[in-house]
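Written out below as structure tokens is the structure these notes cover.
Count residues from 1 along the sequence.
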Amino acid sequence: MSKLRLTLACGDYDRVAPLKEGRVQPEGIDLNFIPLEPEELFFRMARYQDFDAAEMSLASYIIHRAQGKKMYQAIPVFPSRMFRHSAIYVNAGAGIEKPQDLRGRRIGVPEYQMTAVVWVKGILSEFYGVPPTEVHWLTGGQEEPGRKERMPLSLPPEFRVEPIGNDRTLSEMLESGELDALIAARTPSPFLRGSCKVRRLFADPVREEQEYFRRTGIFPIMHTVVIRSDILDSAPWVALSLYKAFERARRVALQGVAGAPALRYSLAWLQHYWAEEERLLGPDAWAYGLAKNRRVVETLSRYLLEQGLIEEIVPVDELFFPTTHEEAKI
């Protein structure tokens with residue numbers, strides 16, 4: 001009997017490499033793995049449902065479901081997580097020394113609904129007293145002009161959000177001083193080339209991020225994995241099959257780090273860093289599944305509500321395909 005042919009678009013992470021390479025194969029599925037950068041695959045999946053399954057911005061997916069749409073449904077796989085205190089950049093001449101100095105400022109973001117941006121806005125509001133209503137947000141291409149929100153926004157009037165236009169970039173505006181700050185998942189080009197006009201808000205973002213984790217226990221989730229609903233309507237078993245395959249791939253990848261006789265990745269003190277991360281974050285920081293990630297998803301949903309991106313919170317259980325809520329036990 002032939003397997004079901006599915007195309008999956010996903011970032012090229014170590015934790016999904018066993019799937020890409022075929023070392024892990026989902027039950028009943030002949031998988032065509034297409035590695036893509038997040039911006040392209042999110043845009044193509046959100047606008048056109050180009051793939052059978054794809055990595056997807058968690059914020060965009062929650063907005064999609066909160067709007068009553070169901071073109072695709074998620075499984076509780078979270079291939080991308082990242083602390084984001086390091087994602088805040090400021091113009092060195094803007095007089096911004098602490099987070100509270102961001103009130104009333106012009107801050108650029110590639111997309112207002114971007115998951116990394118939602119996390120930073122939420123953290124600034126909850127822990128530093130900078131509500132999103134007290135900032136003038138400007139959206140657009142970070143390095144290339146013309147970027148637009150992948151999903152249309154309909155925000156309450158107290159949120160001031162406007163595009164920069166199709167002939168400018170956020171990075172050049174930050175360096176020139178037309179923006180006071182920039183929140184971005186990608187490191188802006190002026191910072192990368194060592195411009196004296198752009199610096200990070202936090203001089204030691206790692207310390208801030210570690211303190212945030214000690215206070216909250218949250219390792220922020222950036223992305224989930226979605227499957228087109230027409231596929232799940234005809235073959236609902238695909239959800240659990242893919243979930244189990246992602247979980248096996250994650251475990252295989254992580255086993256290749258701790259105690260390996262040779263360095264698989266280009267970090268001289270990889271095992272030292274791995275042990276330190278496990279000490280700080282615990283032994284299962286990259287866990288998949290609903291039970292271990294409920295609080296993180298609930299926090300992101302609350303931030304989306306507070307930022308005017310959704311009108312009501314969708315219960316976490318309703319966000320993920322029912323068959324993936326729990327696994328069979330022996």
Legend entry - Enclosure of R294 CZ (heavy-atom neighbours >12, cutoff 6.0 Å): yes
Legend entry - Nearest non-hydrogen partners of A235 and L4, listed with the distance: CB-CD2, 4.3 Å
Legend entry - Check ion pair R168-E178 (N to O, under 4.0 angstrom): yes
Legend entry - R295 (side chain) donor-acceptor with T216 (main chain) under 3.5 angstrom: yes
Inset, instruction - Give a yes or no on whether the backbone of R150 and the side-chain of E111 come within a donor-acceptor separation of less than 3.5 Å. - result: yes
Inset, instruction - Show the numbers, then the answer: is there a salt bridge (charged side-chain N to carboxylate O under 4.0 Å, His left out) between D233 and K70? - result: CA-CA 11 Å; D233 288 343; K70 209 172 181 180; over 6 Å; no
Inset, instruction - Identify whether the distance between the nearest side-chain nitrogen and carboxylate oxygen of E276 and R279 falls below 4.0 Å. - result: yes
Inset, instruction - Could you check W286, W119, F213, Y212 and say which one makes a ring pair (Phe, Tyr, Trp, His ring centres under 6.0 Å) with F219? - result: W286
Legend entry - Same apolar cluster: L138 and V117, side chain cutoff 4.5 Å: no
Legend entry - Cluster check V24, I75: I/L/V/M/F/W/Y, side chain < 4.5 angstrom: yes
Inset, instruction - May I ask you to decide if L319's main-chain N or O and Y61's side chain share a donor-acceptor pair within less than 3.5 Å? - result: yes
Legend entry - Verdict with reasoning, F202 to Y128, per ring pair (Phe, Tyr, Trp, His ring centres under 6.0 Å): CA-CA 13 Å; F202 295 107; Y128 299 100; 5.7 Å; yes
Inset, instruction - Using a strict cut-off of less than 4.0 Å between a Lys/Arg side-chain nitrogen and an Asp/Glu carboxylate oxygen, indicate whether R215 and E126 qualify as a salt bridge. - result: no
Legend entry - Distance in Å, L58 CG paired with N293 CG, rounded so as to fall on 0.5 Å steps: 9.5 Å
Legend entry - R15 side-chain N/O to P79 backbone N/O, donor-acceptor pair under 3.5 Å: yes
Legend entry - R250/E247 salt bridge by N-O under 4.0 Å criterion: yes
Inset, instruction - Using a cut-off of 6.0 Å, state whether more than 12 heavy atoms not belonging to E311 lie near its atom CD. - result: no
Inset, instruction - Identify which one of F78, F42, Y13 satisfies the ring pair (Phe, Tyr, Trp, His ring centres under 6.0 Å) criterion when paired with H223. - result: F42
Legend entry - Flag side-chain contact, heavy atom, 4.5 Å: L182 against F191: no
Legend entry - Donor-acceptor contact below 3.5 Å, side chain Q142 vs main chain R186: yes
Inset, instruction - Test side chain to side chain contact (heavy atoms under 4.5 Å, CB included) on I231 and L6 and set out the steps. - result: CA-CA 9 Å; I231 290 170; L6 286 183; 3.9 Å; yes
Inset, instruction - Show your working on side chain to side chain contact (heavy atoms under 4.5 Å, CB included) between H325 and V316 and close with a plain yes or no. - result: CA-CA 10 Å; H325 290 190; V316 173; over 6 Å; no
Inset, instruction - Check the pair L41 / R44 against side chain to side chain contact (heavy atoms under 4.5 Å, CB included), numbers first and verdict last. - result: CA-CA 5 Å; L41 70 88; R44 291 172 63 179; 5.8 Å; no
Inset, instruction - Is it possible for you to say whether L179 and I107 belong to one hydrophobic cluster, with membership spreading through side-chain heavy-atom contacts below 4.5 Å? - result: no
Legend entry - T187/Y89 under side chain to side chain contact (heavy atoms under 4.5 Å, CB included): CA gap, chis, key distance, verdict: CA-CA 9 Å; T187 306; Y89 302 86; 3.6 Å; yes
Legend entry - Check: V130 and S125 side chains under 4.5 Å, non-hydrogen atoms: no
Legend entry - Hphob cluster co-occupancy, L155 + W137, side-chain heavy atoms under 4.5 angstrom: yes
Inset, instruction - Evaluate the side-chain proximity of V120 to V109: yes if any heavy-atom separation is below 4.5 Å, no if none is. - result: no
Inset, instruction - Kindly say whether Q307 contributes a backbone atom to a donor-acceptor pair with the side chain of Y112 at under 3.5 angstrom? - result: yes
Inset, instruction - Salt-bridge test for D52 and R228: reply yes if a basic N is under 4.0 Å from a carboxylate O, no otherwise. - result: yes
Inset, instruction - Return the minimal non-hydrogen interatomic distance between Y72 and M45, and the atom names on each side. - result: CE2-O, 3.7 Å
Legend entry - Shared hydrophobic cluster for I313 and F320 (ILVMFWY, side-chain gaps under 4.5 Å): yes
Legend entry - Minimum side-chain heavy-atom gap E175-R193 below 4.5 Å: yes
Legend entry - Student check: side-chain heavy atoms of S57 and P38 closer than 4.5 Å: no
Inset, instruction - Would you sort out whether E158 and T133 count as a side chain to side chain donor-acceptor pair (under 3.5 Å), showing the intermediate values? - result: CA-CA 6 Å; E158 61 266 28; T133 52; over 6 Å; no
Inset, instruction - Please report the closest heavy-atom contact between Q113 and S60, naming both atoms and the distance. - result: OE1-OG, 3.8 Å
Inset, instruction - Determine, stepwise, if the pair Q67 / K69 fulfils side chain to side chain donor-acceptor pair (under 3.5 Å). - result: CA-CA 6 Å; Q67 292 175 344; K69 299 174 183 176; 3.1 Å; yes
Legend entry - W237 side chain vs E27 backbone, donor-acceptor pair below 3.5 Å: no
Legend entry - Which atom of A94 lies closest to which atom of D180, heavy atoms considered: CB-OD1, 3.9 Å
Legend entry - Heavy-atom closest pair, residues P110 and T139: O-CB, 4.1 Å
Legend entry - Lys/Arg N to Asp/Glu carboxylate O, E318 vs R65, below 4.0 Å: no
Inset, instruction - Please report the shortest heavy-atom distance between L290 and P76, naming the atom on each side. - result: N-CB, 3.8 Å
Inset, instruction - For the pair E208 (side chain) and H85 (backbone), establish whether a donor and an acceptor sit closer than 3.5 Å, ignoring hydrogens and angles. - result: no
Legend entry - Side-chain donor/acceptor of S176 to backbone N/O of M173, under 3.5 Å: yes
Legend entry - Whether E209 side chain and S86 backbone form a donor-acceptor pair below 3.5 Å: yes
Legend entry - Student check: side-chain heavy atoms of V257 and Y265 closer than 4.5 Å: yes
Legend entry - Test item: V225 and Y243 side chains (from C-beta on) under 4.5 Å apart, heavy atoms: no
Legend entry - Note: E97-R199 ion pair, threshold 4.0 Å (strictly below): yes
